[in-house]
Number of protein chains: 2
Amino acid sequence: MRKYCDYISVDCVIFGFEIDRLNVLLVDRTLRGEGESDIEFADHTLTGNHIYETETVGDAANRVLYDLTGLTGIYLEQFKTFAHPDRLKKENDRKWLLHDGRDPDKRIVSIGYFALLATQDVTIEWKGRNVKWVPYHEIGELAFDHNEILENALIALRNKAKHEPIGFELLPEKFTLSQLQKVYEIILDTEFDKRNFRKKVARMKYLIPLDEKQTGVAHKPARLYMFSREVYEKTKKDLFDFWV
Amino acid sequence: MRKYCDYISVDCVIFGFEIDRLNVLLVDRTLRGEGESDIEFADHTLTGNHIYETETVGDAANRVLYDLTGLTGIYLEQFKTFAHPDRLKKENDRKWLLHDGRDPDKRIVSIGYFALLATQDVTIEWKGRNVKWVPYHEIGELAFDHNEILENALIALRNKAKHEPIGFELLPEKFTLSQLQKVYEIILDTEFDKRNFRKKVARMKYLIPLDEKQTGVAHKPARLYMFSREVYEKTKKDLFDFWV
DNA sequence: ATAGTAAAGTGTAAAAAATACACTAAGGGT
DNA sequence: ACCCTTAGTGTATTTTTTACACTTTACTAT
């Protein structure tokens, strides 16, 4: 059996977009005592794990993602590493570490990744685990230093989204322009004018209009679009955005 | 005496700009045998060190920077973490690790930082160490995985430079517009039209023109400018650069 | 003093992009 | 047939980008 490296871990901030919300996949940790309703302690954490001794960190992040969602090939990006000497020294942290059979005194490096996917891509059967989608703005205090990791993930996501077309990763393969606009409005916490937004994206050749329309909606169905990574790679200008 | 944490290290890619070159501060490692000119093995590495058991990673990076340059308050940014299981398994790596009294079989996480400063800010007395400036394009094969770390540092620097005003960090406190233009041309490996560049930066209020001119040049002396971080923080738009 | 030289500094016209703004079209639900 | 909801579209104005070449200034060498 493969052994874990007991001082390197990955934490994945799994973002999932849904209609008009940005969700994060959290692990619901509830320890019960003797009686069924007798909660000893409860906490939420990001998804994460130690890495195997011979595994790359990227592979470990993909493994965590797969174990919790059943998905592969998901957009995943390393954004920051957390190694503060006191990062696992909050009130309950010691309890959880002991409960997980980890050495609570060991200094653990956690390498942060964020993942992007459409909430509905995680199917019911996987949701049965002790894992759940929580809207970003409703996330309270998390165990360990996971609030800090989460904040940094959102900052990284924002910065990336401003300069590279990754909003698509949060949508199903086929999407409408209104959905795309909403993704950016939510990530960047702003609003765009519909006509100007469309004028702008119309210039991006990697946004492919399909001969297909939305179905099952109680209003004029919108045209569907796809993102073409190939066209993007070919046409992206290595632009000097300059500092503003 | 403080103990090192033997599995966490920082590597600093220290960029220094000079006239029309981007330099990197490298450690010259040459081991001699019995005779003085009898080189056993020689290599170059980035600057780095293990972190102390109770030290933050950022403090460790600043410490490395201080030990090698005597400078404090330098622009420093974490850009990526390297933890591949085989990252210290090249030909000579084992020799160096043993030579440094490190366990060659231990998997070591290295957290990468890049630092920006003006080459001339590193004074002669510090240069006496086994450390030297090497122009980026003249850097050959480095020990360990340091070429990979270096490449990633440059990519991170480029991306950052496109979207945030950090070119100033590579210049002395007072600089000319031509120097600023050169910095960006070198970092981004491109050329700008002088008039258009000036028109563009003229809009940035945090670029403060001084009532001072260059001295000691054999041509029309240029006006000097300063970067005002305060004005920048106040006036920066949280702009949607959008993806191109 | 004069001429040479090296980089500084400056303007304009044309094209492209950003901004502000409001109505009609289409389809499903009742 | 009517209503509800979202899709989809155009124009005028301002701002930004782009392409492009000559004059100015201070020092240097004679």
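Computation of the quantities below employed the complete heavy-atom set of this structure, encompassing side-chain atoms and omitting hydrogens, waters and symmetry-equivalent molecules.
- Proximity of B/Arg198 to the phosphate of C/dG9: a side-chain N or O atom is located under 4.0 Å from OP1 or OP2.
- Mapping A/Lys213 and B/Lys220 onto DNA chain C via the closest heavy atom, the residue that lands nearer the 5' end is B/Lys220.
- The nearest whole Å value for the distance from the CD atom in B/Gln181 to the P atom in C/dA8 is 9 Å.
- OP1 or OP2 of D/dA7 lies within a sub-4.0 Å distance of a side-chain N or O belonging to A/Ser178.
- With distances taken from any side-chain atom of B/Lys200 to the nucleotides D/dT17, C/dA8, C/dA26, the minimum falls on D/dT17.
- Each of A/Ala218 and A/Asp193 lies near DNA chain D, and the nucleotide nearest A/Ala218 is the one positioned closer to the 5' end.
- Applying the 4.0 Å criterion to OP1 and OP2 of C/dA13, one finds that B/Arg195 has every side-chain N and O outside that range.
- Residue A/Arg203 places at least one side-chain N or O closer than 4.0 Å to OP1 or OP2 of C/dA18.
- Of the candidates C/dG11, C/dA8, D/dT9, the closest approach to any side-chain atom of A/Lys194 belongs to D/dT9.
- One interatomic measurement links the two molecules: CG of A/Leu224 to P of C/dA26, which rounds to 17 Å at whole-angstrom precision.
- At a cut-off of 3.5 Å, with distance as the only test, a side-chain donor of A/Asp28 or A/Thr30 sits close to an acceptor on the other residue.
- In summary, A/Glu230 and A/Lys234 do not engage in a salt bridge, as defined by a charged side-chain N under 4.0 Å from a carboxylate O.
- When distances are taken from the side chain of B/His219 to each of D/dG8, C/dA8, C/dT12, the shortest belongs to C/dA8.
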